[in-house]
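Scroll down for the structure; my scribbles are underneath it.
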Amino acid sequence: MGQHRAGQHARRTPRRRILRPALATACAALAVAAVLAGAHTLTSRATADAPADSALTASADPSTPLAPAAAPATPDQDPAAVQATVPATAPAGTASTAAAPAATPTAAVKRGSTTDAPADAESAKVGALFNGPVAAGRHFCTASVVHSPTKNLLLTAAHCLSSSGNVTFAPGYRDGTAPYGSWQVTAVHTTTGWDQHRDEDEDFAILEVAADQGRQIEDVVGAHPLGTGESFTAQVRLFGYPNAGETPLTCVNATSKEDTYQRAIDCPAYTGGTSGGPWISTATGAVIGLIGGHQEGGDTPDTSYSALFDHTITALYATAVAAAG
């Protein structure tokens, strides 16, 4: 089984702040066709049969559909950030797996307060990662389905795992059950900056999952579009599965700027296991962050962090699409 990295929001044992590595990766640009050349390089790792430290470098697919974001750049964001949102598609047929709930407005919650997430169409796209088969008490991180042409990609924190190993994903998981099935992770895509330096500004990973009886996961539960270039003060809905619980948590609040490449959000009770949980923009429905980055998500359960979604994750996304296709 591959090594699954632990962080403050990923495991029960606290880990103190990781020192930011020297910005050597900021000087090594990789030209990616049709994608803005970024300050970081990419590593795409097909790890189903390879050791955790094996790596294959892949180039981005220039046909990857990236549409302009609706909102223009704001003064508080990185001017080099790509403003792109990958469009979402409606779920297709679901065969024998239960269909995702119809899209209904998520129940209003008090801003900055944490509650159990309702079982609705939005939370169905979020799930827990497991070591082996789905079973109560075995989940260790959170992930979410991200829209792609291949319909088989997930988004989580890079510090959650270094290889696919025997990892499975259960979207909409709660109370020991997997209402939309269990999906095998087959590959992990991360940046070279993360692999070589554990750069907290690149603490995100895109996972591939195998089809189930000919169906892709996005056909079953839908997906959140990937959003970049949004304001540091966007309002988001935060999701996460704490190790000590069997129901996902949710919280709505505005994000803030921690530093040039990090966001912060104040939401209580996001303890071990919530790493990788998506930050969903309440304005666009796009995932614009995830619990990770600074301090591997934070050294207190009441404040969480995310690496900024800019040209780096856009290029990683294009690489993952090319590999998954």
Side-chain angles (χ1 to χ4, degrees), residues 7-9 17-18 20-21 23 25-26 35-36 38-40 66-86 109 111-114 142 144 146 155-159 191 193-194 199-205 224-240 250-268 270 274-317:
Q8 175 68 6
H9 280 61
R17 177 174 180 174
I18 297 173
R20 184 188 303 276
L23 296 179
T25 53
V35 179
L36 177 64
H40 313 283
L66 294 175
T74 54
D76 60 353
Q77 69 187 81
D78 176 14
V82 176
Q83 300 173 20
T85 298
V86 181
V109 295
R111 182 164 160 167
S113 65
T114 299
T142 305
S144 60
V146 62
L155 188 63
T156 191
H159 74 256
T191 69
W194 174 263
D199 187 344
E200 65 180 24
D201 294 336
E202 302 180 25
D203 187 8
F204 33 68
H224 294 116
L226 178 66
T228 65
E230 290 207 26
S231 167
F232 274 102
T233 57
Q235 180 167 281
V236 304
R237 181 169 287 107
L238 185 64
F239 288 93
T250 189
C251 170
V252 175
N253 210 345
T255 65
S256 61
K257 183 176 182 178
E258 172 65 15
D259 66 19
T260 305
Y261 297 105
Q262 295 285 327
R263 293 177 184 267
I265 187 171
D266 292 329
C267 280
Y270 279 76
T274 59
S275 275
W279 301 23
I280 308 301
S281 168
T282 59
T284 66
V287 55
I288 64 173
L290 56 84
I291 297 178
H294 181 51
Q295 300 171 342
E296 294 191 350
D299 65 359
T300 168
D302 297 335
T303 299
S304 300
Y305 300 96
S306 172
L308 182 68
F309 279 17
D310 61 2
H311 56 273
T312 306
I313 197 169
T314 302
L316 178 63
Y317 170 85

Backbone N/O of Ile265 and side chain of Asn253: donor-acceptor pair under 3.5 Å: no
Test item: Asp201 and Trp194 side chains (from C-beta on) under 4.5 Å apart, heavy atoms: no
Contacts of type side chain to side chain donor-acceptor pair (under 3.5 Å), residue Thr255, not counting sequence neighbours: Arg263
Least distance between heavy atoms, Leu238 atom then Ser304 atom: CD2-OG, 4.4 Å
Close side-chain approach of Ile291 to Tyr305, heavy-atom, < 4.5 Å: no
side-chain contact (heavy atoms from CB on, under 4.5 Å) between Glu230 and Ser281, worked out: CA-CA 9 Å; Glu230 290 207 26; Ser281 168; 3.7 Å; yes
Any Thr191 side-chain heavy atom under 4.5 Å of Thr312 side chain: yes
Straight-line distance of Trp279 CH2 to Ile288 CD1, nearest 0.5 Å: 8.5 Å
Residue pair Val287 / Ile280, side-chain heavy-atom distance below 4.5 Å: yes
Closest approach of Ala254 to Thr233 (non-hydrogen atoms, all atoms of both residues): CB-O, 4.3 Å
Note, Val146 side chain near His224 side chain (heavy atom, < 4.5 Å): no
Spacing of OG1 belonging to Thr142 relative to CG belonging to Leu290, to within rounding of 0.5 Å: 10.0 Å
Short side-chain donor-acceptor distance under 3.5 Å, Ser275 and His159: yes
Side chain Glu202, main chain Gly293, donor-acceptor under 3.5 Å: no
Validation row: Phe232, Leu308 side chains within 4.5 angstrom (heavy atoms): yes
Side-chain heavy atoms of Tyr270 within contact of Cys251, under 4.5 Å: yes
Closest non-hydrogen atom pair between Pro278 and Ser144, with its separation: CB-OG, 3.6 Å
Sub-4.5 Å side-chain heavy-atom contact between His294 and Asp203: no
Minimum heavy-atom distance Pro225-Gly285, with the two atoms named: CD-O, 3.5 Å
Side-chain H-bond candidate by donor/acceptor type, Thr228 with Asp310, under 3.5 Å: no
Atom pair CD/CD of Glu200 and Gln295 - distance to nearest 0.5 Å: 8.0 Å
Nearest-0.5 Å distance that lies between atom CZ in Phe309 and atom OG1 in Thr314: 9.5 Å
With sequence neighbours excluded, residues passing side-chain contact (heavy atoms from CB on, under 4.5 Å) with Thr282: Gln235, Arg237, Val252
Side-chain donor or acceptor of Thr274 paired with backbone N/O of Gly277 under 3.5 Å: no
